[in-house]
Amino acid sequence: MQLARYRKKDLRFARLHVVRAEQRISRQEVIVRRLRMIGAPLDLEHALLGRLYDSKRRVLYRLKRIEDFLDATSQSA
């Protein structure tokens, strides 16, 4: 397994990815609410929403890993 070496730039990009993931989820939740009000089928929209939640979870996990790495290196220096 390759050792990951993260920089502050990686942290900035990871935070940006988290923001984008949250925006995608909020847009999809709005779509689901609108379709629910008109009584349209929601199977595909719920499947997409589930995939978006999984994506956000992976992005948050990566962000936490980068933050932990940078905290550990700053404490050791």
Side-chain angles (χ1 to χ4, degrees):
M1 187 170 162
Q2 185 178 7
L3 178 63
R5 294 182 186 234
Y6 299 111
R7 298 178 300 226
K8 290 195 181 227
K9 181 172 81 170
D10 297 324
L11 181 62
R12 187 178 69 228
F13 286 132
R15 287 181 178 154
L16 180 65
H17 285 293
V18 169
V19 169
R20 287 182 180 168
E22 289 174 356
Q23 289 172 348
R24 286 191 295 265
I25 287 174
S26 65
R27 283 193 304 263
Q28 184 63 22
E29 287 174 342
V30 168
I31 291 170
V32 168
R33 268 187 257 126
R34 287 180 182 170
L35 289 175
R36 184 175 292 140
M37 287 189 334
I38 63 172
L42 299 174
D43 296 338
L44 294 176
E45 284 73 18
H46 279 297
L48 175 59
L49 196 56
R51 289 193 304 270
L52 290 174
Y53 284 137
D54 288 341
S55 174
K56 181 181 174 187
R57 179 187 47 80
R58 287 190 302 270
V59 168
L60 284 172
Y61 177 73
R62 178 173 167 76
L63 175 66
K64 176 127 178 72
R65 208 170 56 211
I66 293 171
E67 287 175 342
D68 290 345
F69 177 82
L70 291 177
D71 285 344
T73 56
S74 67
Q75 289 175 358
S76 66

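In this text, all values refer to a predicted model and were calculated from it rather than measured experimentally.
Taking all atoms of both residues into account, the shortest heavy-atom contact from L52 to Q28 is CD1-CB, 3.7 Å. In terms of heavy atoms, R5 sits closest to D10 at O-OD2, 4.1 Å. Taking each heavy atom of L63 and A14 in turn, the nearest pair found is CD1-CB, 3.7 Å. Heavy-atom minimum distance, L42 versus V32: CD2-O, 4.0 Å.
Environment of CZ in R65: crowded, with over 12 heavy atoms of neighbouring residues, nucleotides or ligands closer than 6.0 Å.
Taken from CD in E22 to CZ in R20, the straight-line distance is 13.0 Å, to the nearest 0.5 Å. Expressed to the nearest 0.5 Å, how far CD1 of I66 lies from CZ of R7 amounts to 10.5 Å. How far CZ of R62 is from OH of Y6: 5.0 Å, rounded to the nearest 0.5 Å. For the atom pair CG (L35) and CE (M37), the distance works out to 9.5 Å, reported to the nearest 0.5 Å.
R27 places a side-chain heavy atom less than 4.5 Å from the side chain of Q23. Contact of the L48 side chain with the L44 side chain is not registered, since no non-hydrogen atoms from C-beta on lie closer than 4.5 Å.
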Set out, in order, the CA-CA distance, both residues' side-chain angles and the distance that settles side-chain contact (heavy atoms from CB on, under 4.5 Å) for L49 and E45, then state yes or no. CA-CA 6 Å; L49 196 56; E45 284 73 18; over 6 Å; no
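A donor-acceptor pair under 3.5 Å links the side-chain atoms of T73 to the main chain of F69, judged by distance alone.
The pair K64-D68 counts as a salt bridge, with a side-chain nitrogen and a carboxylate oxygen less than 4.0 angstrom apart.
A search for side chain to side chain donor-acceptor pair (under 3.5 Å) contacts involving E29 returns Y53, not counting sequence neighbours.
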